[in-house]
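What you see is a predicted model, and the numbers here were worked out from it, not measured in a lab.
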Amino acid sequence: MAQHIKALTSTRAIAAVMVFIHHYGRTSFPFDRAPHLFQSGNLAVSYFFVLSGFVLFIAHHERSINYVDYARRRIARIVPLYLFALFLCVCLPVFLHTYPLPANFVRQIAYSSLFIQSFFHGYPLTLNAPGWTISIELFFYILFP
């Protein structure tokens, strides 16, 4: 990206901290002193989606881009790490016998592998819980090229 908007970096940092506190620190001092402030930290994820679209627009709006090339670059950037994380989330519990496998384990793997887990009730947070965002992000890439 030719431009760097420093204000976005700081807002991204604040949003990331809000998400982190929402998930892991709301009951810890000093965050438990202002529970209402951190109750909505999950809304920062929506901010990341909007920010991602804005940054992609800024990066690509002045040049002609082929949709196939665009999709290939986005997939190459996101999918390998996601699939590696999914592999770890599937294999580690199986090999370490850390918990009994659920009855729908194969379905969880299939949905997550196909990036569609967010579109089925009860499956968005299975296996690799943060992966639901990737499912939605790829959906937006397809919907709004």
Side-chain angles (χ1 to χ4, degrees), residues 1-28 30-32 37-145:
M1 181 163 77
Q3 301 175 4
H4 179 76
I5 305 170
K6 292 181 182 180
L8 293 181
T9 302
S10 60
T11 63
R12 223 171 62 171
I14 292 167
V17 168
M18 292 295 287
V19 169
F20 184 81
I21 292 169
H22 174 78
H23 284 296
Y24 302 108
R26 283 186 292 166
T27 59
S28 302
F31 310 114
D32 61 346
L37 179 62
F38 300 103
Q39 187 68 28
S40 300
N42 59 332
L43 295 177
V45 174
S46 297
Y47 174 73
F48 283 119
F49 286 133
V50 172
L51 182 63
S52 177
F54 176 74
V55 168
L56 286 171
F57 172 77
I58 293 295
H60 299 293
H61 80 284
E62 290 184 348
R63 57 180 146 156
S64 176
I65 188 163
N66 180 320
Y67 178 73
V68 174
D69 292 337
Y70 165 79
R72 187 178 303 128
R73 284 197 311 270
R74 297 309 303 163
I75 288 169
R77 183 178 178 124
I78 294 170
V79 171
L81 183 59
Y82 171 84
L83 291 177
F84 178 70
L86 180 61
F87 174 78
L88 291 178
C89 290
V90 168
C91 292
L92 288 178
V94 170
F95 292 130
L96 299 176
H97 305 289
T98 55
Y99 61 84
L101 299 178
N104 61 353
F105 190 62
V106 172
R107 184 174 289 177
Q108 290 178 12
I109 294 169
Y111 287 172
S112 295
S113 297
L114 296 171
F115 303 94
I116 58 174
Q117 73 273 25
S118 294
F119 303 102
F120 293 93
H121 178 71
Y123 289 92
L125 302 178
T126 57
L127 298 177
N128 182 6
W132 76 266
T133 61
I134 302 299
S135 174
I136 298 299
E137 192 170 343
L138 289 177
F139 173 75
F140 281 133
Y141 291 158
I142 292 168
L143 194 61
F144 303 108

>> Please report the interatomic distance CG(L86) to CD(Q117), rounded to the nearest 0.5 Å.
In response: 8.0 Å
> Any donor and acceptor pair, going by atom type alone, linking the side chain of S113 with main-chain N or O of I109 inside 3.5 Å?
Replying inline: yes
> For Y70, does the OH atom sit with more than 12 other heavy atoms under 6.0 Å from it, leaving out its own atoms?
Replying inline: yes
>> Test your reading of the model: is there a side-chain donor-acceptor pair from Y47 to the backbone of T11, 3.5 Å cut-off?
In response: no
>> One pair to check against side chain to side chain donor-acceptor pair (under 3.5 Å): Y111 and S118. What are the steps and the verdict?
In response: CA-CA 8 Å; Y111 287 172; S118 294; over 6 Å; no
Side-chain donor-acceptor pairs under 3.5 Å in residues 120-133, sequence neighbours left out?
unit_1: Y123; atom_1: OH; unit_2: N104; atom_2: ND2; d: 3.1
unit_1: T126; atom_1: OG1; unit_2: Y123; atom_2: O; d: 2.8
unit_1: T133; atom_1: OG1; unit_2: P130; atom_2: O; d: 2.8

> Measuring from L83:CG to I78:CD1, what's the distance to the nearest 0.5 Å?
Replying inline: 11.5 Å
>> With rounding to the nearest 0.5 angstrom, report the CD to SG distance, Q108 to C89.
In response: 11.0 Å
> Rounded to the nearest 0.5 Å, how far does OH of Y141 lie from OH of Y67?
Replying inline: 11.0 Å
>> For a quick test of reading the model, state the closest non-hydrogen atom pair linking F48 to A16 and the distance between them.
In response: CZ-N, 3.5 Å
> Counting only heavy atoms not in R107, do more than 12 fall under 6.0 Å of its CZ?
Replying inline: no
> In Å, rounded to the nearest 0.5 Å, how long is the span from CG of L138 to CG of L114?
Replying inline: 11.5 Å
> Does the ring centre of F139 sit less than 6.0 Å away from the ring centre of F119?
Replying inline: yes
